[in-house]
Amino acid sequence: MRYFVYKYVYHGDIIYIGKTDNIQRRIIEHSSGQGLEEKFIPYLDESDIYYHECGNEVEMSALERLLINQYKPLLNIKDVSDGVSTVTIDIDWKY
């Protein structure tokens, strides 16, 4: 199994960070416009999607949480922890 953390970048701003074990399927789910994924519709045409492959599920989950708290993306607002993140992570993203 493969593990990925991915981000949507809209006009230079990170608007969403997610995790998945199937990057192609997950991007299709976001772009289908059904259910909770409707929040992506205004951003789909002009967003770039980047991904990073992780070594295992624990790394994937930890990295997603750290990046959400580092960047506080618009579409992850309910996932952001209270307080200030003191951890900064630099990732080699693929496009």
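Just so it is clear, the model here is predicted, and its values are computed rather than measured.
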> Around E57, counting heavy atoms of other residues, nucleotides and ligands shown, do more than 12 lie under 6.0 Å from its CD?
Replying inline: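 Result for CD/E57: open.
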
> For the ring pair F40 and Y16, is the centre-to-centre distance below 6.0 Å?
Replying inline: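 Yes, close enough.
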
> Angle class for the F4/Y51 ring planes (parallel below 30°, perpendicular above 60°, tilted otherwise)?
Replying inline: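 Perpendicular.
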
> Can you find a pair of side-chain heavy atoms, one from H52 and one from L63, that are under 4.5 Å apart?
Replying inline: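 Contact flag for H52/L63 side chains = yes.
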
> Atom CD in Q70, atom CD1 in I91: separation rounded to 0.5 Å?
Replying inline: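 One finds 8.0 Å between CD of Q70 and CD1 of I91.
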
> Only one of K72, E64, R65 clears side-chain contact (heavy atoms from CB on, under 4.5 Å) with I17; which?
Replying inline: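 For I17, the side-chain contact (heavy atoms from CB on, under 4.5 Å) check succeeds only for E64.
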
> Can you tell which of L44, L75, I14 makes a side-chain contact (heavy atoms from CB on, under 4.5 Å) with Y8?
Replying inline: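 It is L44, the one option of L44, L75, I14 that forms the side-chain contact (heavy atoms from CB on, under 4.5 Å) with Y8.
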
> Going through the checks in order, is the side-chain contact (heavy atoms from CB on, under 4.5 Å) test met by Y10 and L74?
Replying inline: CA-CA 10 Å; Y10 180 75; L74 174 69; over 6 Å; no

>> For Y71 versus I89, what's the shortest heavy-atom pair and its separation?
In response: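 So the minimum-distance heavy-atom pair works out to OH-O, 4.1 Å.
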
> Are a donor atom and an acceptor atom from the side chains of D48 and Y95 found within less than 3.5 Å of each other?
Replying inline: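 Note: D48 and Y95 side chains meet the donor-acceptor criterion.
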
>> Using the rule salt bridge (Lys or Arg N to Asp or Glu O under 4.0 Å), only one of R2, K94, K19 pairs with E53; which is it?
In response: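 Result: among R2, K94, K19, R2 is the only option passing the salt bridge (Lys or Arg N to Asp or Glu O under 4.0 Å) with E53.
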
> K7 and W93: side-chain contact (heavy atoms from CB on, under 4.5 Å), yes or no, with the steps?
Replying inline: CA-CA 9 Å; K7 66 180 179 178; W93 296 98; 3.3 Å; yes

>> Quick one, V5 with C54, criterion side-chain contact (heavy atoms from CB on, under 4.5 Å). Give me CA distance, side-chain angles, the key distance, then yes/no.
In response: CA-CA 7 Å; V5 172; C54 300; 3.8 Å; yes

> Side chain of D13, backbone of I15: donor and acceptor closer than 3.5 Å?
Replying inline: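 No.
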
